[in-house]
Amino acid sequence: MMNYKEIEISDFKKIDDILKKYNIEDCDHCFSAIYIWSFRHRVEFSIYENTLFLRMKDENTYWYLSPVGEMTFKDAIKIILEQGKSDNLNVTIFAIDKAQKNEIEKYFGETVSIICDRDGADYIYKTEDLSFLQGKNYQKKRNHCSRFERENPEYTFNLITKENVERIKQFEIDWCNKNNSERKDDLISEQKGILSLLDNMDKMDVFGAFIENKNEIVAFTLACPINDRMVDIIVEKAYHDVNGAYAVINRDFAKNCLQNYEFINREDDLGYENLRKAKMSYYPYEIKEKYFAEYVVL
């Protein structure tokens, strides 16, 4: 019998062990990202036959993360669809890769629709590219970094530690206040998740850094490993009125903290035009395709 419970920090190891073992290289299958979602949605999970089932629920739909574990993908999807039918709720399964898409079409194609999730595609970069910004493609990024260095000649790059984490939390609060936009609800829920991550970095594999000039923090970032070769950038924030701050925290973090990883996953763009433009400007090595599978109860 499957028993679901809401996700908590204390669930990190049991969930992360499964995610690492089955090596799913996308930002959705990352505990820290999932944990941040939980401040916007009620996220619950069950581990059944050594397989992770994770879901959210709205008025008429279950939203399931693509299941991971020992169970065959076919059998796991069958359980998800049967649960939707039993509860009279539609089902959307997200973060499906191309191989899983093909399997769903093969076994459930008559009842399930597949939709390409371009807004949810992950942007994957080579760590070497983001660390050194070499070549013609990165001339503008180098210019942004040079401008920041000219205007902030005393800036320093620092790791986030328990001694300075309260300063990072205050920066996050100030940043959110300055960016009061049409995404206000999203930013507030995201902020709650970020503050909780910062409070619990020692209980997970989250690490981060910040840059400051004359004792004023202007940018910070948080990351966690997806596997031995890829790291996920969970958070990256900088003051927009500080020229080049985003470019510098991106470059310096990759150069100083991410050299043990071949690839950097900078997550998706959520369909926001400005965010997509920014991610494309770093010339991704791969835009990782993902899909939705939708099942409508009759």
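Sequential numbering from 1 along the given sequence is applied to the chain's residues. Note that the coordinates shown come from a computational prediction; the quantities given were computed from them, not determined experimentally. In what follows, every heavy atom counts, from backbone to side chain, and hydrogens, waters and symmetry copies are set aside.
- Taking the ring axis of F39 as reference, the NZ or CZ atom of K192 does not stay both within 45° of it and closer than 6.0 Å to the ring centre.
- Atom CD1 of I168 is separated from atom CZ of F220 by 7.0 Å, given to the nearest 0.5 angstrom.
- Inter-residue side-chain proximity for Y155 and V218 is flagged as unmet; no heavy-atom pair is nearer than 4.5 Å.
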side-chain contact (heavy atoms from CB on, under 4.5 Å) between S281 and K140: does it pass, once the steps are laid out?
CA-CA 9 Å; S281 72; K140 288 184 178 179; over 6 Å; no
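- Residue V296 is not grouped with residue M56 when hydrophobic side chains (ILVMFWY) are merged at heavy-atom distances under 4.5 angstrom, including chains of intermediate members.
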Quick one: do D228 and K20 satisfy salt bridge (charged side-chain N to carboxylate O under 4.0 Å, His left out)? Show the steps, please.
CA-CA 9 Å; D228 290 340; K20 292 288 197 303; over 6 Å; no
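- Within the 4.5 Å cutoff, the side chain of R118 has heavy atoms near those of the R276 side chain.
- Y285 has its side chain out of reach of D129: every pair of non-hydrogen atoms, C-beta onward, lies at least 4.5 Å apart.
- Within the cation-pi definition used here (under 6.0 Å to the ring centroid, within 45° of the axis), K141 qualifies as a partner of Y282.
- For the residue pair N152 and V242, the shortest heavy atom distance occurs at ND2-CG1, 4.3 Å.
- Cluster annotation: I234 is not connected to I226 through the hydrophobic network of ILVMFWY side chains, with a link wherever side-chain heavy atoms come within less than 4.5 Å.
- Paired with Y123 under the rule side-chain contact (heavy atoms from CB on, under 4.5 Å), one option of D269, N265, I264 passes, and it is D269.
- L258 and F132 end up in different hydrophobic clusters when Ile, Leu, Val, Met, Phe, Trp and Tyr side chains are linked at under 4.5 Å.
- Proximity of a side-chain donor or acceptor of N164 to a complementary backbone N or O of R167 within less than 3.5 Å is not detected.
- A distance-only check finds no donor-acceptor pair linking the side chain of D16 to the backbone of F12 [under 3.5 Å].
- Within a 6.0 Å radius of NZ in K57, no more than 12 heavy atoms belonging to other residues, nucleotides or ligands are found.
- Considering CD1 of I24 and CD of Q100, their distance stands at 6.0 Å, rounded to 0.5 Å.
- Side-chain contact annotation: R142 with Q139, donor-acceptor N/O pair under 3.5 Å present.
- Side-chain contact between I77 and E103 is absent, with no heavy-atom pair separated by less than 4.5 Å.
- Contact record, M71 with Y48: CE-CD2, 3.7 Å, taken as the closest heavy-atom pair.
- By the criterion of side-chain heavy atoms lying less than 4.5 angstrom apart, applied directly or through intervening Ile, Leu, Val, Met, Phe, Trp or Tyr residues, I80 is grouped together with Y62 in one hydrophobic cluster.
- Rounding to the nearest 0.5 Å gives a distance of 11.0 Å between CG of L195 and CG of N200.
- Within a 6.0 Å sphere centred on CG of N274, heavy atoms belonging to other residues, nucleotides or ligands number 12 at most.
- Contact annotation: the side chain of K290 approaches that of C27 to within less than 4.5 Å [non-hydrogen atoms, C-beta and beyond].
- Within a 6.0 Å sphere centred on CG of N102, heavy atoms belonging to other residues, nucleotides or ligands number more than 12.
- Residues Q191 and I173 are in side-chain contact: their nearest non-hydrogen atoms beyond the backbone lie under 4.5 Å apart.
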H29 and L65: side-chain contact (heavy atoms from CB on, under 4.5 Å), yes or no, with the steps?
CA-CA 8 Å; H29 291 85; L65 179 67; 3.6 Å; yes
How far apart are the C-alpha atoms of K14 and D11, what are their side-chain angles, what is the distance that settles it, and do they pass the salt bridge (charged side-chain N to carboxylate O under 4.0 Å, His left out) test?
CA-CA 6 Å; K14 69 182 77 167; D11 299 313; 3.5 Å; yes
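- By the 6.0 Å contact criterion, CD on E128 is open, its count of non-hydrogen atoms from other residues, nucleotides or ligands being 12 or less.
- The ring of W37 has its center closer than 6.0 angstrom to the ring center of F94.
- Under a hydrophobic clustering in which Ile, Leu, Val, Met, Phe, Trp and Tyr are joined whenever their side-chain heavy atoms come within less than 4.5 Å, directly or via other members, Y295 and M2 fall into the same cluster.
- When every heavy atom of N179 is checked against every heavy atom of L187, the shortest pair comes out as O-CD1, 3.0 Å.
- Looking only at distances, no side-chain donor or acceptor of S86 sits under 3.5 Å from a matching main-chain atom of E82.
- Between Y64 and Y4, the ring-plane angle classifies as perpendicular under the 30° and 60° cut-offs.
- The distance from atom OG of S189 to atom NE2 of H41, rounded to the nearest 0.5 Å, is 7.0 Å.
- For the pair F157 and C257, the minimum side-chain heavy-atom distance is below 4.5 Å.
- Contact check on K101 versus E289 returns no salt bridge, with no Lys/Arg side-chain nitrogen under 4.0 Å from an Asp/Glu carboxylate oxygen.
- The backbone N or O of Y261 sits less than 3.5 Å from a side-chain atom of T127, completing a donor-acceptor pair.
- For K169, the NZ atom counts as densely surrounded, since its 6.0 Å shell holds more than 12 non-hydrogen atoms of other residues, nucleotides or ligands.
- Of the listed residues (N143, N243, I211), just one forms a side-chain contact (heavy atoms from CB on, under 4.5 Å) with F148, and that residue is I211.
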Dump the intermediate steps for side-chain contact (heavy atoms from CB on, under 4.5 Å) on I160 and L222, then the final yes or no.
CA-CA 9 Å; I160 297 175; L222 293 173; 3.8 Å; yes
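- For K106, the NZ atom is loosely surrounded, since the number of other residues' heavy atoms within 6.0 Å does not exceed 12.
- M230 and N227 make their closest contact through N-OD1, 2.8 Å (heavy atoms, listed as atom of the first residue, atom of the second, distance).
- For the atom pair CD1 of I34 and CG of L54, the computed distance is 5.0 Å after rounding to the nearest 0.5 Å.
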Applying side-chain contact (heavy atoms from CB on, under 4.5 Å) to V297 and N90, what does each step give before you reach the verdict?
CA-CA 5 Å; V297 293; N90 300 326; 3.4 Å; yes
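- The backbone N or O of E49 sits less than 3.5 Å from a side-chain atom of T51, completing a donor-acceptor pair.
- Checked against the 6.0 Å centroid threshold, F210 and F171 do not count as a close aromatic pair.
- For T92 (side chain) and E294 (main-chain N/O), no donor-acceptor pair under 3.5 Å exists by modelled atom type.
- With hydrogens and angles disregarded, a donor-acceptor distance shorter than 3.5 Å links the side chain of Q259 to the backbone of A254.
- Pairing each heavy atom of A33 with each of D232, the nearest pair is CB-OD2, 4.5 Å.
- The two residues A245 and Y239 have their closest heavy-atom pair at CB-O, 4.2 Å.
- Note: W63 and F292 have perpendicular aromatic rings, judged against thresholds of 30 and 60 degrees for the angle between ring planes.
- E70 is listed as a side-chain neighbour of K21, based on a closest heavy-atom distance under 4.5 Å.
- In this structure, F31 and Y35 have parallel ring planes: the angle between them is below the 30° cut-off, well short of the 60° mark.
- Within a 6.0 Å sphere centred on CD of E273, other residues, nucleotides and ligands contribute 12 heavy atoms or fewer.
- The pair R42-E6 meets the salt-bridge criterion, with a side-chain N (NZ, NE, NH1 or NH2) lying under 4.0 Å from an Asp/Glu carboxylate O.
- Salt-bridge formation is detected for the pair R229/E25: a Lys NZ or Arg NE/NH1/NH2 atom is positioned less than 4.0 Å from an Asp or Glu carboxylate oxygen.
- The closest donor-acceptor contact from the side chain of D122 to the backbone of K288 lies at 3.5 Å or more, if one exists at all.
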